[in-house]
Amino acid sequence: TTSSVQSMILTACKRGDELILPRNVHRSVINALVLCGAVPVYINPEVDTRLGISLGMKREQVAKAIAEHPRAVAVLVNNPTYYGICSDLREIVHVPMAVHPDITKVLVIGAGDGGVVRELTRYEQIRRIDLVEMDELVVEACRQYLPDNACRLDDERVHIYFENGLKFIRRCEEEYDLIIVDSNDPFGPSEGLFTREFYGNCYKALKKDGIMVNQQGSPFYAEDAHAMQRSHKRIASTFPISRVYQAHIPTYAAGYWLFGFASKKFHPIDDLDSAAWNAHHLRTRYYTTRLHIGAFYLPAFLERMLEEVE
């Protein structure tokens, strides 16, 4: 399907052409846009509140987009309930674990596929991992079809809660050493996980030296870049230490992805303890403590984007 989708886009679009498409498309579509240089015109689909999934584009939405963007050369329509899990997010785990000297209790919001939990269970010092996933079917499907990711969901330290992460975090106070927010894009059912209220509740839920890390998206497309800036501004106004770091994930938009590091006490570079982390003798495919430092040195265009909202 990836080849056929990308073939359609590469056939219909050339550099600078506008393509109308729903916001919840698969990442293969974004990669095709990068390859051909087309410009996306996003339509935010409505959300089925009962099922918690994004619906397809309405005809009225498409007509409005065509009227507002007469230069658009095509409209891409996708299956509205198709979801793919296609990234390696180990860096969202190892960066805070290499900075905080005593993480024992962790909250993970999202990440029902189990990949983040799997990496956390590699640390013997962690005594409890609370996983909050909105959709029980995500966990069931990943247990069946993605066993490599879900293989540690039955670890005795893991406790799974099937509920809305925003509601769950409101009940917590000075409880966690680390909060990992592995959410979808800031649109649709995950939009509440990018609000000032949510970040304030995360701050309240962390202990006095706690750390929060979250996905910040890609800075290469205007709508994604604005969402990233908005999120960073809200986090920076909530936490005394707020930094953005980067990773290369080929299956995500443009292959370049950002994460947020927010802390009450620890600085992601100044407080990095390379010797302590290397003493764990964890075999990784991407993360190293040398890469850790480099991940926080951002390109000039990205530094300017962050400075605009700090």
Side-chain angles (χ1 to χ4, degrees), residues 1-3 5-6 24-31 52-53 79 81-98 103 105-162 165 178-185 190 193 213-218 245-259 277-278 280-289 291-292 295:
T1 56
T2 294
S3 297
V5 166
Q6 293 186 344
N24 61 328
V25 291
H26 189 267
R27 292 295 173 184
S28 61
V29 175
I30 306 301
N31 290 341
I53 62 174
N79 181 349
T81 59
Y82 177 80
Y83 290 90
I85 299 173
C86 53
S87 68
D88 183 346
L89 294 178
R90 290 183 176 92
E91 186 152 348
I92 205 171
V93 172
H94 298 307
V95 166
M97 293 301 298
I103 291 178
K105 188 173 182 181
V106 183
L107 171 64
V108 180
I109 297 179
D113 63 289
V116 169
V117 167
R118 181 195 63 204
E119 292 301 302
L120 287 169
T121 58
R122 300 176 69 189
Y123 293 89
E124 296 181 359
Q125 72 196 62
I126 295 179
R127 296 197 293 265
R128 183 182 177 100
I129 302 167
D130 289 341
L131 171 63
V132 180
E133 168 58 52
M134 184 183 298
D135 191 346
E136 187 172 357
L137 290 177
V138 170
V139 175
E140 292 179 6
C142 292
R143 287 183 188 273
Q144 182 175 357
Y145 298 107
L146 296 172
D148 289 345
N149 273 24
C151 60
R152 300 307 298 272
L153 288 176
D154 294 320
D155 187 291
E156 63 181 8
R157 294 171 291 173
V158 178
H159 304 264
I160 304 177
Y161 302 87
F162 296 109
L178 171 64
I179 296 175
I180 296 176
V181 186
D182 186 11
S183 57
N184 297 321
D185 295 337
S190 296
L193 303 183
V213 292
N214 68 307
Q215 292 199 50
Q216 286 282 47
S218 175
Y245 62 103
Q246 58 196 336
H248 301 285
I249 304 178
T251 52
Y252 269 23
Y256 182 62
W257 206 245
L258 303 178
F259 301 91
W277 189 87
N278 289 321
H280 290 293
H281 301 293
L282 297 178
R283 182 179 177 84
T284 58
R285 295 182 62 188
Y286 187 88
Y287 178 83
T288 68
T289 51
L291 184 71
H292 177 121

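Below, each value reflects all heavy atoms present in this structure, side chains not excepted, and no hydrogens, waters or symmetry copies.
In this structure, Glu133 has no side-chain hydrogen bond (donor to acceptor under 3.5 Å, both in side chains) partners at least two apart in sequence or on a different chain. Remark: His280 engages Tyr123, Gln125, Trp277, Leu282 in a side chain to side chain contact (heavy atoms under 4.5 Å, CB included) (not counting sequence neighbours).
One side chain, Gln215 or Asp182, offers a donor N or O that lies under 3.5 Å from an acceptor on the other.
Looking at Arg157, its side chain does come within 3.5 Å of a backbone N or O of Thr121 through a donor-acceptor pair.
Nearest heavy-atom pair across Ile126 and Ile103 is CG1-O, 3.7 Å. In plain terms, the two heavy atoms of Asp130 and Lys105 that are nearest each other are OD2-CE, 4.1 Å. Scanning both residues, Ser28 and Val5, for their nearest heavy atoms gives OG-CG1, 4.2 Å. Nearest heavy-atom pair, Pro96 versus Leu178, reported as atom, atom and distance to 0.1 Å: CB-CD1, 3.6 Å.
With a 4.5 Å cut-off on side-chain heavy atoms, Tyr245 and Val213 count as touching. In this structure, Val25 and Ile30 have side chains that are in contact, with non-hydrogen atoms separated by less than 4.5 Å. Val158 is not listed as a side-chain neighbour of Arg152, based on a closest heavy-atom distance of 4.5 Å or more.
In this structure, CG in Leu131 is found 8.5 Å from CG in Leu107, a value given to the nearest 0.5 Å. Separating the OH atom in Tyr256 from the OG atom in Ser218 is a distance of 8.5 Å, to the nearest 0.5 Å. To the nearest 0.5 Å, the span separating CD on Glu119 from OG1 on Thr284 amounts to 8.5 Å. Summarising the geometry, atom CG belonging to Leu153 is positioned 12.5 Å from atom NE2 belonging to His159; distances are rounded to the nearest 0.5 Å.
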Sequence neighbours left out, cut at 3.5 Å: what donor-acceptor pairs do the side chains of residues 138-147 make with other protein atoms?
{"unit_1": "Arg143", "atom_1": "NH1", "unit_2": "Asp154", "atom_2": "OD1", "d": "3.1"}
{"unit_1": "Arg143", "atom_1": "NH1", "unit_2": "Asp154", "atom_2": "OD2", "d": "3.1"}
{"unit_1": "Arg143", "atom_1": "NH2", "unit_2": "Asp154", "atom_2": "OD1", "d": "3.4"}

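The only member of Tyr287, Phe259, Tyr286 that meets ring-ring contact (aromatic ring centres under 6.0 Å, His included) when paired with His94 is Tyr287.
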Would you sort out whether Ile180 and Leu120 count as a side chain to side chain contact (heavy atoms under 4.5 Å, CB included), showing the intermediate values?
CA-CA 10 Å; Ile180 296 176; Leu120 287 169; 4.2 Å; yes

